[in-house]
Protein chains: 2
Amino acid sequence: MTDNSNKKQGKIRQQSQEKILEAAQDEFITNGYKGATVQSIADSAGLPKANVLYYFKNKENIYHAVLEQTLDMWDEGIGDIKYEDGPKVAIEKFVAAKVNMSFTAPKASKIYAMEIIQGAQHLKEFARTYLRKWVREKAKVFQKWIDEGRMADVDPISLIFLIWSTTQHYADFETQILTIMNRADYEDEDADHVASFLTQFILRGLNIE
Amino acid sequence: MTDNSNKKQGKIRQQSQEKILEAAQDEFITNGYKGATVQSIADSAGLPKANVLYYFKNKENIYHAVLEQTLDMWDEGIGDIKYEDGPKVAIEKFVAAKVNMSFTAPKASKIYAMEIIQGAQHLKEFARTYLRKWVREKAKVFQKWIDEGRMADVDPISLIFLIWSTTQHYADFETQILTIMNRADYEDEDADHVASFLTQFILRGLNIE
DNA sequence: GTCTATAATAAGATAGAC
DNA sequence: GTCTATCTTATTATAGAC
């Protein structure tokens with residue numbers, strides 16, 4: 001409405017929105033969508049509740065924004081599986097990208113996992129369209145390598161699930177893994193160790209090299 | 001107090017408790033601990049809310065009972081990893097048991113997964129004592145086989161995490177897997193297919209056979 | 001043992017002052 | 001744009017009739 005320095009106007013807005021989204025991510029992980037309260041998101045963002053609702057209108061919108069952030073990250077971090085790379089390099093790259101995501105952005109993985117476990121109410125459409133297409137395309141690449149005798153004859157879709165599950169596990173089950181190993185936090189070398197273990201194991205499982 | 005046929009007295013009580021626990025399991029999966037309401041548990045159990053609270057006193061107690069059920073199931077279904085079996089048979093048995101659990105009791109796996117993702121508030125003690133001990137014992141068995149040259153030299157603990165993650169994935173991410181594969185439900189043969197894929201893949205990854 | 005009614009509290013959301 | 005005060009509804013839990 002009032003045009004008071006429109007180009008700098010969004011500064012506070014953007015900062016507040018970022019603070020809200022970060023606080024919201026934690027709240028949604030700890031308490032789930034329904035259990036999260038706008039009040040506690042506001043508290044840990046250091047803002048009055050009304051401001052949070054001013055920026056996002058309602059709780060549903062906050063959650064959508066958090067999920068969108070998560071999917072963007074998934075999209076960026078997933079890397080790719082390119083035929084030209086050949087099975088060895090492609091799998092090395094893919095596993096490394098996924099492991100890296102699990103260790104650098106575990107919260108995104110947790111939000112995603114909770115949403116799926118709870119029935120994917122907000123992600124059904126994403127899975128039905130984008131994800132289904134992605135899996136089918138990558139499965140074709142694997143199948144081509146199999147047909148060419150460059151890797152073991154396994155079901156490509158099961159293989160994709162195997163890579164997803166083994167890599168995400170280190171994000172989603174972080175608490176359990178740390179407790180079992182009697183450690184307080186992950187350290188930098190852990191990601192390398194895991195990536196190298198998984199890469200070698202999977203390549204051997206596919207008779208590559 | 002009043003001793004009216006004490007041996008039959010528990011009949012309704014037991015039936016009601018079972019109905020409540022089943023309804024509660026669904027509610028806790030869909031909405032998380034904090035998001036679940038005693039009212040909706042009561043509704044889907046077909047009982048007045050006050051009866052639910054009469055049997056379990058409060059929401060926390062209901063959740064504890066659900067978790068206890070889950071851990072009992074984990075304990076029964078996990079099978080064992082026995083040195084005498086040798087690596088091939090032991091891994092075949094273990095993978096089959098875990099896959100079987102994922103397909104027959106996916107809800108237990110989901111409750112467990114959500115609890116861990118959310119920070120294991122109610123399971124820290126279980127993980128710190130029971131689970132840590134279990135993993136260390138089984139890791140020793142794997143290490144013995146490695147030392148005897150009967151399987152590839154991999155980190156045993158990472159191997160256990162790999163088996164856990166790949167098998168549980170089919171329970172926890174059921175919704176995503178079905179959506180990607182454009183299917184409404186799992187069928188009986190799916191469990192066999194998965195167990196056989198994973199067993200072969202893991203044995204190859206360990207240079208067994 | 002079972003259930004209705006209700007007390008006490010906390011939630012999402014908005015109106016309107018600043 | 002920001003925040004205080006408040007409305008409405010939903011929640012846990014209990015008291016007490018049956």
Side-chain angles (χ1 to χ4, degrees), chain A residues 1-67 118 121-122, chain B residues 1-67 118 121-122:
Chain A
M1 301 295 186
T2 57
D3 197 302
N4 52 344
S5 70
N6 216 335
K7 50 182 176 177
K8 242 53 185 165
Q9 176 195 11
K11 202 65 182 294
I12 293 177
R13 184 180 207 101
Q14 202 195 322
Q15 284 184 339
S16 293
Q17 285 185 342
E18 279 168 19
K19 271 192 288 184
I20 291 166
L21 288 182
E22 212 189 304
Q25 198 182 38
D26 286 333
E27 257 290 294
F28 287 132
I29 290 172
T30 311
N31 297 313
Y33 172 72
K34 218 186 153 209
T37 71
V38 178
Q39 184 65 66
S40 60
I41 292 172
D43 289 348
S44 65
L47 292 165
K49 181 169 65 165
N51 291 31
V52 172
L53 289 166
Y54 168 71
Y55 285 124
F56 287 97
K57 193 176 157 221
N58 56 34
K59 189 164 86 164
E60 182 82 15
N61 276 353
I62 306 175
Y63 189 62
H64 277 148
V66 170
L67 272 186
Q118 298 195 335
Q121 303 285 278
H122 304 80
Chain B
M1 304 293 187
T2 56
D3 196 303
N4 53 343
S5 70
N6 216 333
K7 51 180 178 178
K8 241 53 185 166
Q9 175 195 10
K11 202 66 182 293
I12 294 177
R13 184 181 208 101
Q14 203 196 319
Q15 285 184 338
S16 294
Q17 286 187 341
E18 278 167 18
K19 272 192 288 185
I20 292 167
L21 287 181
E22 212 189 304
Q25 198 182 37
D26 286 335
E27 257 290 296
F28 287 131
I29 289 172
T30 309
N31 296 313
Y33 172 71
K34 217 183 155 211
T37 70
V38 178
Q39 184 66 65
S40 60
I41 292 172
D43 289 349
S44 65
L47 292 166
K49 181 171 63 166
N51 291 30
V52 172
L53 289 167
Y54 169 71
Y55 284 125
F56 286 96
K57 191 177 159 221
N58 56 35
K59 190 164 83 164
E60 181 82 16
N61 275 352
I62 305 176
Y63 189 61
H64 278 148
V66 169
L67 272 187
Q118 299 195 334
Q121 302 286 281
H122 304 80

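What's counted below: heavy atoms across the whole structure, side chains too, no hydrogens, waters or symmetry copies. Letters A, B, ... are given to chains in the order of the sequence lines, protein chains preceding strands, and every chain is numbered from 1.
- Taken residue by residue, residues 53-62 of chain B places heavy atoms nearer than 4.0 Å to DNA chain C at B:Tyr54, B:Tyr55.
- Other residues, nucleotides and ligands place more than 12 heavy atoms under 6.0 Å from the CD atom of A:Gln17.
- Residues satisfying the side chain to side chain contact (heavy atoms under 4.5 Å, CB included) test with B:Lys34, not counting sequence neighbours, are A:Asn31, A:Thr37.
- Checked against side chain to side chain contact (heavy atoms under 4.5 Å, CB included), B:Ala24 has the following partners two or more places apart in sequence or in another chain: B:Phe28, B:Ile41, B:Ile62, B:Val66.
- Between B:Gln39 and B:Asp43 the shortest side-chain heavy-atom distance falls below 4.5 Å.
- Looking at A:Gln121, A:Glu60, A:Gln118 one by one, the single match for side chain to side chain donor-acceptor pair (under 3.5 Å) with A:Tyr33 turns out to be A:Glu60.
- Looking at residues 35-52 of chain A, you'll see A:Pro48, A:Ala50, A:Asn51 sit with a heavy atom under 4.0 Å from some atom of DNA chain D.
- Counting only heavy atoms from C-beta outward, the side chains of A:Tyr54 and A:Arg13 approach each other to under 4.5 Å.
- A:Asn61 and A:Phe56 make their closest contact through CB-O, 2.9 Å (heavy atoms, listed as atom of the first residue, atom of the second, distance).
- One atom, CG of B:Asn31, and another, P of C:dA11, lie 16 Å apart when rounded to the nearest Å.
- Axis orientation changes by 0° from one end of the helix from C:dG1-D:dC18 to C:dC18-D:dG1 to the other, with each end axis drawn from 5 pairs and the value rounded to 10°.
- By the 4.5 Å heavy-atom criterion applied to side chains, A:Asn51 and A:Ser16 are not counted as neighbours.
- At whole-Å resolution of the value, CZ in B:Arg13 and P in C:dC3 are 14 Å apart.
- Distance check, rounded to the nearest 0.5 Å: OG1 of B:Thr30 to CD of B:Gln25 gives 10.0 Å.
- Evaluation of the ring pair (Phe, Tyr, Trp, His ring centres under 6.0 Å) rule for A:His64 yields A:His122 as partners, not counting sequence neighbours.
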